[in-house]
Amino acid sequence: MQVFNARDKAYKSIISAISVNERCKLRISVPRDCRCSRAVLAVTKDGENEDTVYYDMFWAGMCGNDREYWELHFNASTAGLYFYHFELDTPWGRSFIKNIGSGIGDFSADGTDFQQTVYNENFKTPDFIKGGIIYQIFPDRFYNSGTPKKNVPDCRVMRQWGGEPYWREEQMNGIWNNDFFGGDLKGIEMKLPYIADLGVNCIYINPIFEAHSNHRYDTADYEKIDSLAGTEEDLKSLCKAAKEKYGITIILDGVFSHTGCDSRYFNMYGRYDSVGAYNSKESPYYSWYKFIDYPEKYHAWWGIKLLPEIIEEDEGYREYICGENGILRKWLRCGIGGWRLDVADELPDVFLDDLRKAVKAENENALIIGEVWEDATNKFAYGQRRRYLLGDQLDSVMNYPFADAILNFVRNGHGEYFFDSVMSIIENYPPQVLNSLMNHIGTHDTQRAITRLAGPDCEGRGRHWQYEHNTLSDNDYLKGVSMLKMASLIQYTLPGVPSVYYGDEIGMQGMKDPFNRGCMDWSHQNKELLKWYKRLGEIRNGCPALKEGEFEIVSCSGSSIAYTRTGDGNSVLVAVNNSDSSADIYVGSQWDNSYCFFDFISKNGIITLPPKRYTMLSK
């Protein structure tokens with residue numbers, strides 16, 4: 001029997017973050033031969049007071065003949081991160097119960113403290129996203145409507161749809177990311193029926209504002225849609241059609257940590273008739289940037305001179321983005337339903353605080369998703385602990401921990417590591433955030449999912465190597481299809497919201513940028529995968545438990561796992577055998593005679609799965 005387990009309700013009544021003043025029962029099971037005379041909970045609040053506060057626990061009776069319970073209810077009056085362990089007085093001195101890994105507490109002076117996240121009482125996240133599906137679009141590469149484009153700069157290289165993105169230096173003539181295929185907002189609107197058939201209720205679009213690279217993360221003008229992407233009226237039309245015809249919300253990418261050097265704000269090349277920060281110290285934008293030796297030396301994002309960094313604390317910049325008539329509210333008034341924030345961990349607290357106030361004042365149901373690659377509750381950035389998910393900043397984050405857990409499990413088959421990664425996030429996140437998480441397994445910043453699953457590891461490899469390994473062999477591709485089905489089933493059934501990167505649902509391949517940003521291959525679709533993703537959409541939209549249902553581990557044995565989601569009068573069970581041999585997975589007789597979405601049912605409480613197979617039951 002365990003001494004303590006922060007991921008088991010027998011020891012901790014709430015396995016998640018708690019709100020201010022919410023009571024959480026903590027219980028430890030102490031061996032009688034410890035002769036414990038006093039037990040205390042030792043708590044330290046992060047960042048405010050290094051002094052530890054001790055709370056006496058009370059003796060709560062025997063557990064069998066050789067163990068005893070000590071309990072208390074913990075609550076906090078302010079939001080923040082709290083770290084705790086237990087201490088016992090014994091005849092031999094003080095003993096410590098700390099985290100020895102995976103939320104398990106045991107006698108150890110070398111263990112670490114447990115984390116308890118406490119969020120603001122009034123913290124709400126938008127309901128529309130919960131239980132939904134996100135579809136991510138890289139706009140230049142999704143669909144070209146054929147609409148004539150006006151005022152396109154002459155310097156852009158226009159490509160034939162379906163060509164391989166330029167990646168060699170000699171192709172780009174010294175100007176990187178300068179090839180465009182002409183995908184546009186009208187094209188997205190034309191393909192709304194296709195997207196809706198996938199069960200999608202939210203489309204996240206990579207940057208669409210005027211910029212001079214195909215990725216458009218080098219913003220040139222926050223107030224204009226890029227001429228190749230379309231017009232402001234095109235965006236309004238897309239938002240209106242998506243919402244009214246298909247119940248789909250559009251969210252845009254906000255790039256607020258830097259601009260392009262070729263922008264109306266910096267204006268290094270004199271393209272704009274504005275006085276940019278590079279042109280004069282009298283520029284209205286001069287205070288936005290941090291110059292080292294004016295004008296040639298300045299702080300740039302990751303040292304890339306094309307991307308001068310913004311000082312987000314600057315009052316003028318914050319007013320321009322977050323003010324009453326600022327950028328955030330301008331585009332919300334055009335019909336978008338939220339923002340995804342590029343490199344959110346590089347945006348200071350004062351900016352994120354202002355951003356949330358502006359977005360929610362305009363539309364309290366608008367969604368704010370941050371790009372944070374780690375556990376967003378305990379991340380340190382720029383010398384301080386960040387408070388993204390305590391109620392004053394983000395609604396959600398891109399869930400890279402889940403992505404890594406899913407892909408590593410399907411590729412390598414370590415069930416214990418998978419569940420540890422999943423439970424760590426469940427344990428630390430507020431439930432309203434957990435059910436809104438952007439659960440991707442591939443984005444514009446990573447390898448495509450099928451390539452990462454079935455292809456060679458590209459970490460540390462250059463573009464030439466990636467080009468040579470960009471296409472899977474026929475056998476590896478078939479293997480990848482099978483692996484992607486397994487990965488997406490898990491992705492669609494974990495807490496949070498699955499996010500599909502355009503083209504993954506039809507089996508598109510690709511190493512990292514720019515190979516993962518190819519044109520949507522409308523004429524060569526993997527019909528098997530497309531049918532699979534449509535089926536997953538139907539299942540997700542038909543199972544209420546997948547909206548906000550509790551997650552529980554049922555079985556974990558090597559490469560075989562099973563878990564449930566339970567809530568809203570519905571329970572679903574997912575069982576996966578990722579081993580090379582058949583597996584009998586005990587799930588309990590209550591799952592006998594359940595509705596089976598796939599081929600394998602429970603008999604006498606046991607699901608027998610062949611190698612590399614899976615099933616899903618509902619009741």
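We're numbering straight along the sequence, starting at 1.
- Under 4.0 Å is where a charged nitrogen must lie from a carboxylate oxygen, and between Lys485 and Glu528 at least one such pair does.
- A donor and an acceptor atom, one from each side chain of Asn399 and Asn439, are located under 3.5 Å apart.
- Environment of CD in Glu22: crowded, with over 12 heavy atoms of neighbouring residues, nucleotides or ligands closer than 6.0 Å.
- Checked for salt-bridge contact, Asp392 and Arg356 miss the test: no charged N lies under 4.0 Å from a carboxylate O.
- For the residue pair Asp395/Ser436, the side-chain donor-acceptor check at 3.5 Å is not satisfied.
- Gln432 places a side-chain N or O within donor-acceptor distance of the main-chain N or O of Phe123, the cut-off being under 3.5 Å.
- Under a 3.5 Å cut-off, the side chain of Thr451 and the backbone N or O of Gly510 do form a donor-acceptor pair.
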Evaluate Leu390 against Thr117 for side chain to side chain contact (heavy atoms under 4.5 Å, CB included), listing each step before the verdict.
CA-CA 8 Å; Leu390 299 184; Thr117 311; 3.8 Å; yes
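- When all heavy atoms of Phe142 and Lys191 are compared, the closest pair comes out as CE2-CB, 3.7 Å.
- Checking side-chain atoms of Asn541 against main-chain N and O of Gly537 turns up a donor-acceptor pair under 3.5 Å.
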The test is side chain to side chain contact (heavy atoms under 4.5 Å, CB included); show your working for Asp375 and Tyr429 and say whether it passes.
CA-CA 9 Å; Asp375 183 327; Tyr429 280 38; 3.3 Å; yes
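- No donor-acceptor pair closer than 3.5 Å links the side chain of Asp404 to the backbone N or O of Pro401.
- A salt bridge links Asp342 to Arg340: at least one charged side-chain nitrogen sits closer than 4.0 Å to a carboxylate oxygen.
- Of all non-hydrogen atoms in Pro514 and Trp167, the two that sit nearest each other are CG-CB, 3.8 Å.
- No side-chain heavy atom of Phe380 sits under 4.5 Å from any side-chain heavy atom of Arg386.
- Aromatic pair Tyr614/Trp532: centroids less than 6.0 angstrom apart.
- A donor-acceptor contact under 3.5 angstrom links the side chains of Asp420 and Ser102, judged on distance only.
- Using a 4.5 Å cut-off on side-chain heavy atoms (C-beta onward), Met520 and Tyr143 make no contact.
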Are Lys9 and Glu552 close enough, and set up right, to give a salt bridge (Lys or Arg N to Asp or Glu O under 4.0 Å), and what steps lead you there?
CA-CA 11 Å; Lys9 287 190 175 181; Glu552 184 175 354; over 6 Å; no
Evaluate Ile606 against Thr608 for side chain to side chain contact (heavy atoms under 4.5 Å, CB included), listing each step before the verdict.
CA-CA 6 Å; Ile606 296 174; Thr608 300; 4.2 Å; yes
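- A side-chain N or O of Tyr194 and one of Glu505 form a donor-acceptor pair less than 3.5 Å apart.
- A distance of 6.0 Å or more separates the ring centres of Trp302 and Tyr217.
- Between the side chains of Lys379 and Gln384, no donor-acceptor pair of N or O atoms lies under 3.5 Å.
- For the 3.5 Å distance criterion, the side chains of Tyr82 and Asp46 fail to qualify, holding no donor opposite an acceptor.
- A donor-acceptor contact closer than 3.5 angstrom links the side chains of Asp349 and Gln393.
- Using a 4.5 Å heavy-atom threshold, the side chains of Ile28 and Tyr11 count as separate.
- A heavy-atom distance below 4.5 Å is not found between the side chains of Ser602 and Gln590.
- Between the side chain of Ser213 and the backbone N or O of His215, no donor-acceptor pair lies under 3.5 Å.
- When only modelled atom types and interatomic distance are considered, Gln115 and Thr377 share a side-chain donor-acceptor pair under 3.5 Å.
- Taking both residues in full, the closest heavy atoms of Met616 and Leu546 are given as CE-CD1, 4.1 Å, listed atom of the first, atom of the second, then distance.
- Tyr477 and Gly507 make their closest contact through OH-O, 3.2 Å (heavy atoms, listed as atom of the first residue, atom of the second, distance).
- Proximity of Val422 to Leu494: side-chain heavy atoms (C-beta onward) are separated by under 4.5 Å at one or more points.
- At least one side-chain heavy atom of Leu341 sits under 4.5 Å from a side-chain heavy atom of Ile368.
- Remark: Asp127 engages Lys130 in a side-chain contact (heavy atoms from CB on, under 4.5 Å) (not counting sequence neighbours).
- Closest heavy-atom contact between Ile14 and Cys24: N-SG, 3.9 Å.
- Neither side chain, Asn470 nor Gln509, offers a donor N or O lying under 3.5 Å from an acceptor on the other.
- For the residue pair Asp110 and Ser108, no side-chain donor N or O sits within less than 3.5 Å of a side-chain acceptor on the partner.
- Side-chain rings of Tyr595 and Phe597 approach one another, their centers coming within less than 6.0 Å.
- Lys619 NZ: more than 12 foreign heavy atoms inside a 6.0 Å radius.
- Annotation: side chain of Lys98 is in contact with side chain of Asp113 (closest heavy-atom distance under 4.5 Å).
- Ion pairing between a basic and an acidic side chain is recognised when a charged N comes within 4.0 Å of a carboxylate O; Lys547 and Asp568 show no such pairing.
- Taking the centre of each ring, Trp591 and Tyr586 stay at or above the 6.0 Å mark.
- Under the side-chain hydrogen bond (donor to acceptor under 3.5 Å, both in side chains) criterion, Lys512 pairs with Glu459, not counting sequence neighbours.
- At least one donor-acceptor pair under 3.5 Å links the side chain of Asn201 to the backbone N or O of Ile133.
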Checking Ile490 against Phe402 for the side chain to side chain contact (heavy atoms under 4.5 Å, CB included) test, could you report, in this order, the C-alpha distance in whole Å, the side-chain angles of both residues, the deciding distance, and whether it holds?
CA-CA 10 Å; Ile490 298 171; Phe402 273 18; over 6 Å; no
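- In this structure, a donor-acceptor pair under 3.5 Å is absent between the side chains of Glu164 and Tyr467.
- For the residue pair Gln136/His440, the side-chain donor-acceptor check at 3.5 Å is not satisfied.
- Heavy atoms only, all atoms of each residue included: Phe551 and Ile426 are closest at CD2-CD1, 3.6 Å.
- Panel note: side chain Asn577, backbone Ser581; a donor-acceptor pair is recorded below 3.5 Å.
- Although no hydrogens or angles enter the test, the distance criterion places a donor-acceptor pair under 3.5 Å between the side chain of Arg540 and the main chain of Gly132.
- Under 4.0 Å is where a charged nitrogen must lie from a carboxylate oxygen, and between Arg517 and Asp445 at least one such pair does.
- The aromatic rings of Tyr400 and Trp373 lie parallel to each other, their planes meeting at an angle below 30°, with 60° marking the opposite boundary.
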Step by step, work out the salt bridge (Lys or Arg N to Asp or Glu O under 4.0 Å) result for Asp599 and Arg613.
CA-CA 9 Å; Asp599 299 327; Arg613 296 303 298 271; 3.2 Å; yes
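- Proximity of Ile137 to Tyr204: side-chain heavy atoms (C-beta onward) are nowhere separated by under 4.5 Å.
- When only modelled atom types and interatomic distance are considered, Asn578 and Lys612 share a side-chain donor-acceptor pair under 3.5 Å.
- The ring of Phe4 has its center closer than 6.0 angstrom to the ring center of Phe86.
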